[in-house]
Amino acid sequence: MKFKLYDSIKRDKIEFSPIKDKEVSVYICGPTVYDDAHLGHARSALSFDLLKRTLMALGYKVTLAKNFTDIDDKIINKLKDTNKSLEELTNYYINRYLEDMEAIGVLRADIEPKATESIDAMESMIKKLLDSGCAYKLPNGDIYFDTSKDIKYGSISKTNIDDTQTQSRIDEVEGKKNPKDFALWKACKGDKDICFDTTLPSGRPGWHIECSAMINKYFEGSEDYCIDIHCGGADLLFPHHENEAAQTRCALNKEIAKYWMHNGFVTIDGEKMSKSLGNSFFLKDALKIYDGELLRYYLISINYRNDFNFSEVDLINSKKRLDKLYRLKKRLFGIKKGKLNNAFKDELLEAMSDDLNSSKAFAIIDDMINKANETLDKEPKNKSLKQELVANIDFVCELLGIGCKDAIVWFQQGVSSEDKIKIEELIKQRMDAKKAKDYSKADKIRDELKSMGIELMDTPDGTKWEKV
């Protein structure tokens, strides 16, 4: 089965052909770790988690890297308000990010490079650019990339940027040759600055050089390309990805990536997600209210390229849809896994091979659920079908990261820890009453639990409960 992706640069859906047969190298621009992850981070991570899962299901060996920018102006400003070291602060937010991503089912990257651990790779690339005349040093020690040296500059973002337009975006720096030139290296600006000692002037890297250097460091690539697929949010197309591509071409004489994929923006009830608008909220806060798998299901319910309007009303409706999958899973409680239905597997893979068409995949799953319930209503003892359905749901979990949880536990969402303790105690009392053959007391306890919105299910493994 062929995988097709929408290439952001070619602006067309094309058939994927890897640099190496059956192997795929993917690089995702990760977070700048000065704060907690927000919904934008979650959307990007989930989009390319689906990419990795789909390629793996198609039989590719996938090596995925996601970097952490752990040196940046924002980080240095954050340090001023804390008593932490750079490493303490950034490691704290890296761990928080990884915890949040785990909660929404994002697979860990195979390579997780930090910028501060690749200073040598950046130094080497900057020196190549200086030696070739594609970069220049300012009197204050800053080193800039000369965009006029790259005849393809603008080909990534398809942006025709004149100097006046760019100058309004970038503060004027004395000695810059062109307004659109960008910093490769920032010389040390005083005692409170964070600087690295290299053969370059004491200082720290610019943002754009990080990804180019780390891609070159961790991936072998080919004569023409460093990696197969470069991923990130649509907001990174310019200037970040444009600048990455330019400096890589000039330093290595090849393209940084064969394909580019970008996920759409996240809006909240119609407003673009932005801290300056005051409507950006952290993933950790959403996870306090909603299960991580529900957030995952909701955020991948439309194609990754589309902008996503986050609405709590739509999120609640998504839970009702996901509940149907767990109702079926609950109906299969205690059934051993059988053989996966190949037609169902192929349908799902065909949908996801069409530029990660998750909405179509969800429709296929809905159809499978409806047909399964219809058949089981007529044939409640159809063991082979039940075993097949268990395998189908397992494949849904593997490919899409949904339907992975215990169905009983799934329906216990929204119950406080205190109430769970009370429920478990009442269930124990009911069990003791049944053992003593005090069925009247047992029935009263069941009625009490029912009045709390709790439904019981007696199984060979004991009594299970759910919130209805």
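Among residues two or more places apart in sequence or in another chain, the side chain to side chain contact (heavy atoms under 4.5 Å, CB included) test is passed with K467 by V415, I454. Scanning for side chain to side chain contact (heavy atoms under 4.5 Å, CB included) contacts around D285 gives F282, K288, with sequence neighbours left out. Residues that satisfy the salt bridge (Lys or Arg N to Asp or Glu O under 4.0 Å) test with D49, not counting sequence neighbours, are R53, R296. Residues passing the salt bridge (Lys or Arg N to Asp or Glu O under 4.0 Å) test with E87: none are found, sequence neighbours excluded. Judged as a side chain to side chain contact (heavy atoms under 4.5 Å, CB included), and not counting sequence neighbours, the contacts of T199 are E123, K127.
The environment of NZ in K405 is crowded: more than 12 heavy-atom neighbours from other residues, nucleotides or ligands sit within 6.0 Å. Surrounding CD of E23 are more than 12 heavy atoms belonging to other residues, nucleotides or ligands, all under 6.0 Å away. Applying the 6.0 Å contact sphere to NZ of K217 captures more than 12 heavy atoms from other residues, nucleotides or ligands. Residue D81 places its CG atom among more than 12 non-hydrogen atoms of other residues, nucleotides or ligands, all under 6.0 Å distant. Atom NZ of K4 is surrounded by 12 or fewer heavy atoms from other residues, nucleotides or ligands within 6.0 Å. In D307, the CG atom is crowded: over 12 heavy atoms of neighbouring residues, nucleotides or ligands sit closer than 6.0 Å. In the displayed structure, K345 atom NZ is contacted under 6.0 Å by at most 12 heavy atoms of other residues, nucleotides or ligands. The environment of K52 atom NZ is dense: over 12 non-hydrogen atoms of other residues, nucleotides or ligands sit within 6.0 angstrom.
Between Y259 and H230, every side-chain heavy-atom pair lies at or beyond the 4.5 Å cut-off. Using a 4.5 Å heavy-atom threshold, the side chains of Y34 and D70 count as separate. Here the side chains of W260 and I156 are in contact, with some heavy-atom distance below 4.5 Å. Side-chain atoms of S318 and Y297, non-hydrogen and from C-beta on, do get closer than 4.5 Å to each other. In this structure, E220 and S25 have side chains that are not in contact, with every pair of non-hydrogen atoms separated by 4.5 Å or more. Side chains of F265 and N306 form no contact here, defined as non-hydrogen atoms less than 4.5 Å apart. Looking only at side-chain heavy atoms (C-beta outward), F310 and R43 stay at 4.5 Å or farther from each other. For the pair F333 and I408, the minimum side-chain heavy-atom distance is below 4.5 Å.
For the 3.5 Å distance criterion, the side chains of D419 and S417 fail to qualify, holding no donor opposite an acceptor. In summary, the side chains of D355 and Y304 do present a donor paired with an acceptor at a separation below 3.5 Å, with no hydrogens or angles considered. Side-chain atoms of Y290 and E312 include a donor-acceptor pair closer than 3.5 Å. At a cut-off of 3.5 Å, with distance as the only test, a side-chain donor of S148 or D146 sits close to an acceptor on the other residue. H241 and H208 share no donor-acceptor pair across their side chains, judged by distance under 3.5 Å alone. In summary, the side chains of N178 and Y144 do not present any donor paired with an acceptor at a separation below 3.5 Å, with no hydrogens or angles considered. Side-chain atoms of K114 and N91 include a donor-acceptor pair closer than 3.5 Å.
Distance check, rounded to the nearest 0.5 Å: CD1 of I402 to CG of L399 gives 9.0 Å. Here the OG atom belonging to S44 is positioned 12.5 Å from the CG atom belonging to L39, to the nearest 0.5 angstrom. Separating the CD atom in Q412 from the CD1 atom in I423 is a distance of 7.5 Å, to the nearest 0.5 Å.
Between C29 and C211, a gap of 2.5 Å or greater is found separating the two SG atoms.
Looking at L287, L295, N95 one by one, the single match for side chain to side chain contact (heavy atoms under 4.5 Å, CB included) with D100 turns out to be L287. For the side chain to side chain donor-acceptor pair (under 3.5 Å) with R204, the lone residue among D73, T198, T116 that qualifies is D73.
Between F16 and F3, the ring planes are perpendicular. Angles over 60° get that label, and only those under 30° would be called parallel. The aromatic rings of F411 and Y326 sit perpendicular, their planes meeting at an angle over 60°, well past the 30° parallel limit.
A distance-only check finds a donor-acceptor pair linking the side chain of D228 to the backbone of I19 [under 3.5 Å]. The backbone N or O of D224 sits nowhere less than 3.5 Å from a side-chain atom of E255 that would complete a donor-acceptor pair. Checked by atom type and distance alone, the side chain of S358 never pairs as donor or acceptor with a backbone atom of A361 at under 3.5 Å.
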Handout entry: From CA spacing to verdict: salt bridge (Lys or Arg N to Asp or Glu O under 4.0 Å), K420, E424
Key = CA-CA 6 Å; K420 283 182 180 179; E424 294 294 346; over 6 Å; no
Exercise for the section: Check the pair N309, S311 against side-chain hydrogen bond (donor to acceptor under 3.5 Å, both in side chains), reporting the backbone distance first and the verdict last. Expected result: CA-CA 6 Å; N309 181 42; S311 161; 5.6 Å; no
Practice task
Just do the salt bridge (Lys or Arg N to Asp or Glu O under 4.0 Å) check on K189 and D142 with the steps written out, would you?
Solution key: CA-CA 10 Å; K189 299 298 190 292; D142 289 353; 2.9 Å; yes
Practice task
Apply the test salt bridge (Lys or Arg N to Asp or Glu O under 4.0 Å) to residues K258 and D7: give CA-CA distance (whole Å), side-chain angles for both, the deciding distance (0.1 Å), then the verdict.
Solution key: CA-CA 9 Å; K258 189 173 183 180; D7 187 276; over 6 Å; no
Practice task
Could you please spell out the steps behind the disulfide (SG to SG under 2.5 Å) verdict for C195 and C188?
Solution key: CA-CA 6 Å; C195 309; C188 209; 1.9 Å; yes
Practice task
Check the pair W207, N243 against side-chain hydrogen bond (donor to acceptor under 3.5 Å, both in side chains), reporting the backbone distance first and the verdict last.
Solution key: CA-CA 10 Å; W207 177 35; N243 293 347; over 6 Å; no
Exercise for the section: Might you work through the side-chain hydrogen bond (donor to acceptor under 3.5 Å, both in side chains) test for S212 and E244, ending with a clear yes or no? Expected result: CA-CA 6 Å; S212 289; E244 276 187 53; 4.6 Å; no
Exercise for the section: Go through the steps to decide whether Y6 and N303 satisfy the test side-chain hydrogen bond (donor to acceptor under 3.5 Å, both in side chains), and finish with yes or no. Expected result: CA-CA 11 Å; Y6 183 89; N303 187 266; over 6 Å; no
Handout entry: Criterion salt bridge (Lys or Arg N to Asp or Glu O under 4.0 Å) on K324 and D366, from CA distance to verdict
Key = CA-CA 8 Å; K324 292 179 181 178; D366 288 344; over 6 Å; no
Contacts table for residues 60-68: side-chain donor-acceptor under 3.5 angstrom, sequence neighbours left out:
{"unit_1": "K66", "atom_1": "NZ", "unit_2": "Y97", "atom_2": "OH", "d": "2.9"}
{"unit_1": "N67", "atom_1": "OD1", "unit_2": "Y27", "atom_2": "OH", "d": "3.3"}
{"unit_1": "N67", "atom_1": "OD1", "unit_2": "G30", "atom_2": "N", "d": "2.7"}
{"unit_1": "N67", "atom_1": "ND2", "unit_2": "T69", "atom_2": "OG1", "d": "3.4"}

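Geometric assessment of R249 against the ring of Y153 yields a negative cation-pi assignment under the 6.0 Å and 45° thresholds. Y92 carries K84 over the face of its six-membered ring, with the cationic atom under 6.0 Å from the centre and within 45° of the normal.
V266 and G40 get closest at one heavy-atom pair: CG2-CA, 4.1 Å.
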